Asks: 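Shown below is the structure under consideration.
Given the structure is predicted, the values throughout are model-derived calculations rather than measurements. We're numbering straight along the sequence, starting at 1.
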Amino acid sequence: MEYIVFSAVILACLFFIFMLGMLEERRTKKRFREKLKKDYGKPSNKQYAEGRLSTISGYYRKTIGESDFSIDDITWNDLDMDRLYQSMDYTFSAAGEEVLYKTLRCPSMEEESLKKREEKIEYFRKNQEKRINMQLLFASIGRTGKYSIVDYIDYLNVLKEEKLTKHIAVLAAMGISLAGMLISPALGLVAFCALLAGNIMMYFPSQMLIAPYITTFAYLLRMIGSIEKLDKCGISVFSEEMDALRELKKRTNAFAKGSFLVFGDRVAKSNPLEILLDYIKMCFHIDILKFYSMLKEAKKHRADFLAMFEIIGSMEVVISIGAFRESLSYACLPEFNEHLCVQGEEVYHPLIENPVVNSFREEKGMLLTGSNASGKSTFLKTVAINVILAQTIHTCMAKSFTCSMFRVYSSMSLRDDLAAKESYFIVEIKALKRVIDAVQKEGAPVLCFVDEVLRGTNTVERIAASTEILESLLGEKSMCFAATHDIELTRLLEGKYHNYHFEETISEDDVKFNYKLKEGRATTRNAIRLLGILQYEKQIIDKAEKRAEHFIETGKWV
């Protein structure tokens, strides 16, 4: 009787723990749901695991085709796109994170695909409950950890398929020993216990060998498990995606079937029988045997899992884009023009607090002049970013924005490459050469942004070479926005580039910039006057002024 009471108490305790877990899980889900409502459209403050930001690009780098256009590393770094990516990352799954990154690096050249994306973005902006339900699902899929999903899947190839003969042989011997108990109970029991002890000792080295790969399998299973839940959400704009996911689920069913033998409660939480299952695994190695069966399937279906990852990620990306739009002061949908042009009304930079807006229209090429810190580089980056976002997330930071479908390149924030032992000038001419080469290749027109072309060489050669390079970046298949301090270029390229400038106001002890774009070349010379504000000796300033005036009048230095 005591044993029955004791067992009942144990079962009651387990049931109580189980119910507490279920209750806490519901509370957590409710709090998360409220947070999703409250935080929608607020600036992203997402925290990343240590080292994760350097691996988010993994999926993009390993799946981009050689013939596909993507934003190259120079342009990506020039425009500080990592920081922009973080500002629009409202995702909760590794699929969402990595596909969003790939989306930003791979501008679309087809307006139709952007219109389809737009339909999905707006659907979730207008359907809060549907959006929250989907976000809860993506959060349940979760993240992979430090590395990219591609790295995790490819890491499976490192693990050689273990020969399972010894495991099967011991299990067979244990079966024989059990049968032997019918003949000699004592001898059969001793043999069974000895084999059981040996099997337990053999379990731990094998289990430690597969432990590093459990993260990968768990993520793949969560993706597969999410497909049925996504289907039940009944999201009409995802009909094509769901058709593809259902097919992928069928193909990978063999991988998921019986996976509880390996994972148990790793996937389904709050199961009180998990401890018992762990002991069964130790004794009979059912998880080891099943793991290697799953390993074969995972290697076989690598492409299917990556396709599943891309589709699920793309579904979450449209929600993230909608949240990013809500966080902006204002935004517009881009319009696309077959003729070369870039036009924007009250355009601004998304990463600048209280930005100054500018309006412009350009169908040829733009040459910007003005002093340092007047706004030239920021304007170039503003235009470049908006063109890229027009072709990726179908969103521009402007009242209106029109452009062609472009391949975007830049040569702006370059520096010496000490590792390659290359000077600034070598780095710069290589960066410019890649743009000139791109213009010659088949594909969409090139739009390039150049800040201080050939600043790494002497004045005479810089102006001569810059003139020819900037001319080569204009044509039926290319446009260029360039900033320079060389006023000579504004005359040499007049009629080919339109001149614009930024200017500042200098008082006796201060300099102020309004960051407003103005037509025409810069006419003021304020660099020497700035020396006075910084309290350089008057003698230095006066002599510099005289030397500059003499050069302007005679074309010679004294």
Asks: Check the side chains of Tyr60 and Thr103 for a donor-acceptor pair under 3.5 angstrom, ignoring hydrogens and angles.
Replies: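 Result is no, nothing qualifies.
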Asks: The test is side-chain hydrogen bond (donor to acceptor under 3.5 Å, both in side chains); show your working for Glu335 and Ser400 and say whether it passes.
Replies: CA-CA 8 Å; Glu335 295 183 9; Ser400 67; over 6 Å; no
Asks: Quick one: list whatever passes ring pair (Phe, Tyr, Trp, His ring centres under 6.0 Å) with Tyr500, sequence neighbours left out.
Replies: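 Not a single residue meets the ring pair (Phe, Tyr, Trp, His ring centres under 6.0 Å) criterion with Tyr500.
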Asks: List the steps, then state whether side-chain hydrogen bond (donor to acceptor under 3.5 Å, both in side chains) holds for Ser404 with Glu338.
Replies: CA-CA 6 Å; Ser404 307; Glu338 292 183 3; over 6 Å; no
Asks: One thing to verify: whether Asp73 and Arg105 come together as a salt bridge, which I'm taking to mean a side-chain N less than 4.0 angstrom from a carboxylate O.
Replies: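 Salt bridge between Arg105 and Asp73, a charged N being under 4.0 Å from a carboxylate O: yes.
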Asks: Using salt bridge (Lys or Arg N to Asp or Glu O under 4.0 Å), reason through Glu503 and Lys516 one step at a time and then give a plain yes or no.
Replies: CA-CA 8 Å; Glu503 61 185 28; Lys516 298 299 290 185; over 6 Å; no
Asks: What heavy-atom pair brings Ile463 and Thr467 nearest, and what distance separates the two atoms?
Replies: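 The pair with the smallest heavy-atom distance is O-OG1, 2.7 Å.
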Asks: Check the pair Lys120, Glu241 against salt bridge (Lys or Arg N to Asp or Glu O under 4.0 Å), reporting the backbone distance first and the verdict last.
Replies: CA-CA 12 Å; Lys120 295 162 189 171; Glu241 287 84 352; 2.6 Å; yes
Asks: Does the ring centre of Phe305 sit less than 6.0 Å away from the ring centre of Tyr219?
Replies: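 Judged by ring-centre distance (under 6.0 Å), Tyr219 and Phe305 do not meet the cut-off.
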Asks: Tyr155: what forms a ring pair (Phe, Tyr, Trp, His ring centres under 6.0 Å) with it, not counting sequence neighbours?
Replies: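 So Tyr155 forms a ring pair (Phe, Tyr, Trp, His ring centres under 6.0 Å) with Tyr213.
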Asks: Apply the salt bridge (charged side-chain N to carboxylate O under 4.0 Å, His left out) test between Glu98 and each candidate in Arg52, Lys62, Arg61; give the one that qualifies.
Replies: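 Exactly one candidate clears the test, Arg52.
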Asks: Between Asp72 and Arg434, does the salt bridge (Lys or Arg N to Asp or Glu O under 4.0 Å) criterion hold? Intermediate values first, please.
Replies: CA-CA 10 Å; Asp72 65 16; Arg434 89 192 199 287; 2.6 Å; yes
Asks: Relative to Tyr40, does Arg131 satisfy both conditions: NZ or CZ under 6.0 angstrom from the six-membered ring centre, and within 45 degrees of the ring's axis?
Replies: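 So Arg131 does make the cation-pi contact.
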Asks: Which residue pairs pass the ring-ring contact (aromatic ring centres under 6.0 Å, His included) test when at least one of the two sits in residues 475-497, sequence neighbours left out?
Replies: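 Qualifying pairs: Phe449-Phe481.
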Asks: Among all residues two or more places apart in sequence or in another chain, which pass the salt bridge (charged side-chain N to carboxylate O under 4.0 Å, His left out) test with Glu346?
Replies: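 Glu346 satisfies salt bridge (charged side-chain N to carboxylate O under 4.0 Å, His left out) with Lys399 only.
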Asks: Taking atom NZ of Lys116 as the centre, report whether more than 12 heavy atoms of other residues, nucleotides or ligands fall under 6.0 Å from it.
Replies: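 Result for NZ/Lys116: open.
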Asks: Of all residues at least two apart in sequence or in a different chain, which pass the side chain to side chain donor-acceptor pair (under 3.5 Å) check with Thr402?
Replies: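 Thr402: no side chain to side chain donor-acceptor pair (under 3.5 Å) contacts found.
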Asks: Would you compute the distance between atom CG of Leu368 and atom CD of Glu452 and round it to the nearest 0.5 angstrom?
Replies: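 It is 10.0 Å, given to the nearest 0.5 Å.
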Asks: How long is the gap from OG on Ser108 to CZ on Arg117, to the nearest 0.5 Å?
Replies: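 So the gap between those two atoms works out to 7.0 Å.
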Asks: Under 3.5 Å, is there a donor on one side chain and an acceptor on the other for His339 and Glu363?
Replies: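 Side chains of His339 and Glu363: no pair found under 3.5 Å.
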Asks: State the NZ-CG distance between Lys433 and Asp437, to the nearest 0.5 angstrom.
Replies: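 The CG atom of Asp437 is 3.5 Å from NZ of Lys433, to the nearest 0.5 Å.
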Asks: Side chain to side chain contact (heavy atoms under 4.5 Å, CB included) for Lys130 and Lys126? Distances and angles first, verdict last.
Replies: CA-CA 9 Å; Lys130 294 283 189 181; Lys126 294 174 181 176; over 6 Å; no
Asks: For residues 303-318, pull every pair meeting side-chain hydrogen bond (donor to acceptor under 3.5 Å, both in side chains), keeping only residues two or more places apart or in separate chains.
Replies: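 For residues 303-318, and leaving out neighbouring residues, the side-chain hydrogen bond (donor to acceptor under 3.5 Å, both in side chains) pairs sorted by first residue read Tyr59-Glu310, Ser93-Glu316, Lys102-Glu310, Arg251-Asp304, His301-Asp304.
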Asks: Arg361 side chain to Gln343 main-chain N or O, any donor-acceptor pair under 3.5 Å?
Replies: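 Here the side-chain-to-backbone pair does not exist.
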Asks: May I ask you to check whether Tyr101 and Tyr85 place their ring centres under 6.0 Å from each other?
Replies: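 Close enough - the centres of the two rings lie under 6.0 Å apart.
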Asks: Nearest 0.5 Å, please: how far is CG in Leu306 from CD1 in Ile153?
Replies: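 Reported value, rounded in 0.5 Å steps: 4.5 Å.
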Asks: Any side-chain donor-acceptor pair under 3.5 Å between Thr490 and Asn499?
Replies: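 Their side chains do not contain a donor-acceptor pair, so the 3.5 Å distance test is not met.
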Asks: Please walk me through it: do Glu50 and Lys146 pass salt bridge (Lys or Arg N to Asp or Glu O under 4.0 Å)?
Replies: CA-CA 7 Å; Glu50 185 179 354; Lys146 183 177 179 180; over 6 Å; no
Asks: Please list, one pair per line, the donor and acceptor atoms closer than 3.5 Å that link side chains of residues 347-358 to other protein atoms, with sequence neighbours excluded.
Replies:
from, atom 1, to, atom 2, distance (Å)
Tyr348, OH, Tyr330, N, 3.4
Tyr348, OH, Tyr330, O, 2.5
His349, ND1, Leu351, N, 3.1
Asn358, OD1, Leu517, N, 2.7
Asn358, ND2, Tyr515, O, 3.0

Asks: Can you confirm whether the side chains of Ser44 and Gln86 place a donor and an acceptor under 3.5 Å from each other?
Replies: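 No, no side-chain donor-acceptor pair sits under 3.5 Å.
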Asks: Going by side-chain contact (heavy atoms from CB on, under 4.5 Å), name the residues that satisfy it together with Glu118, two or more places apart in sequence or in a different chain.
Replies: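 For Glu118 the side-chain contact (heavy atoms from CB on, under 4.5 Å) partners, ignoring immediate neighbours, are Ile121, Glu122, Arg325, Leu333, His394.
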Asks: Listed by chain and number, what are the ring pair (Phe, Tyr, Trp, His ring centres under 6.0 Å) partners of Phe360, not counting sequence neighbours?
Replies: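 If we apply the ring pair (Phe, Tyr, Trp, His ring centres under 6.0 Å) test to Phe360, skipping adjacent residues, the hits are Phe379.
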Asks: To the nearest 0.5 Å, what is the distance between OG (Ser411) and CD1 (Ile429)?
Replies: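 Taking OG in Ser411 and CD1 in Ile429, the distance rounds to 11.0 Å.
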Asks: Quick one: does Pro107's side chain get under 4.5 Å of Phe406's, heavy atoms only?
Replies: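 With C-beta onward as the side chain, the pair stays apart.
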Asks: Check whether the side chains of Arg462 and Ser466 place a donor and an acceptor atom closer than 3.5 Å, and report yes or no.
Replies: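 Not at all, the side chains of Arg462 and Ser466 share no donor-acceptor pair under 3.5 Å.
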Asks: Please give me the minimum heavy-atom distance between Cys341 and Met479, naming the atom from each residue.
Replies: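 Distance-wise, the nearest heavy atoms are N-SD, 3.8 Å.
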Asks: Examine distances only and state if a side-chain atom of Asp78 and a backbone atom of Met412 form a donor-acceptor pair shorter than 3.5 Å.
Replies: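 Pair found, side chain donor or acceptor close to backbone of Met412.
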Asks: Any side-chain donor paired with an acceptor under 3.5 Å for Glu97 and Thr91?
Replies: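 Absent: no donor and acceptor within the cut-off.
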Asks: With sequence neighbours excluded, tell me which residues meet side chain to side chain donor-acceptor pair (under 3.5 Å) with Lys364.
Replies: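 Lys364 satisfies side chain to side chain donor-acceptor pair (under 3.5 Å) with no residue once adjacent residues are dropped.
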Asks: Quick one: ring pair (Phe, Tyr, Trp, His ring centres under 6.0 Å) partners of Tyr409, sequence neighbours excluded?
Replies: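 Result, ring pair (Phe, Tyr, Trp, His ring centres under 6.0 Å) vs Tyr409: Phe69.
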Asks: Determine, step by step, whether Tyr90 and Phe138 satisfy the ring pair (Phe, Tyr, Trp, His ring centres under 6.0 Å) criterion, reporting the C-alpha distance in whole Å, the side-chain angles of both residues, the deciding distance to 0.1 Å, and the verdict.
Replies: CA-CA 11 Å; Tyr90 293 83; Phe138 295 131; over 10 Å; no
Asks: Between Met405 and Ala444, what is the shortest heavy-atom contact and its length?
Replies: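 So the two residues come closest at O-CB, 3.6 Å.
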Asks: Excluding sequence neighbours, so at least two apart, what forms side-chain contact (heavy atoms from CB on, under 4.5 Å) with Ser478?
Replies: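 Ser478 satisfies side-chain contact (heavy atoms from CB on, under 4.5 Å) with Val439, Val446 only.
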Asks: Work out which heavy atom in Leu474 is nearest to a heavy atom in Gly365; give both atom names and the distance.
Replies: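 Leu474 and Gly365 have their closest heavy atoms at CD2-CA, 3.9 Å.
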Asks: Above 12 or not: heavy atoms from other molecules or residues under 6.0 Å from NZ of Lys543?
Replies: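 Count not over threshold, so no.
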Asks: In Å, rounded to the nearest 0.5 Å, how long is the span from CD1 of Ile71 to CD1 of Ile388?
Replies: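 Here the interatomic distance stands at 4.0 Å.
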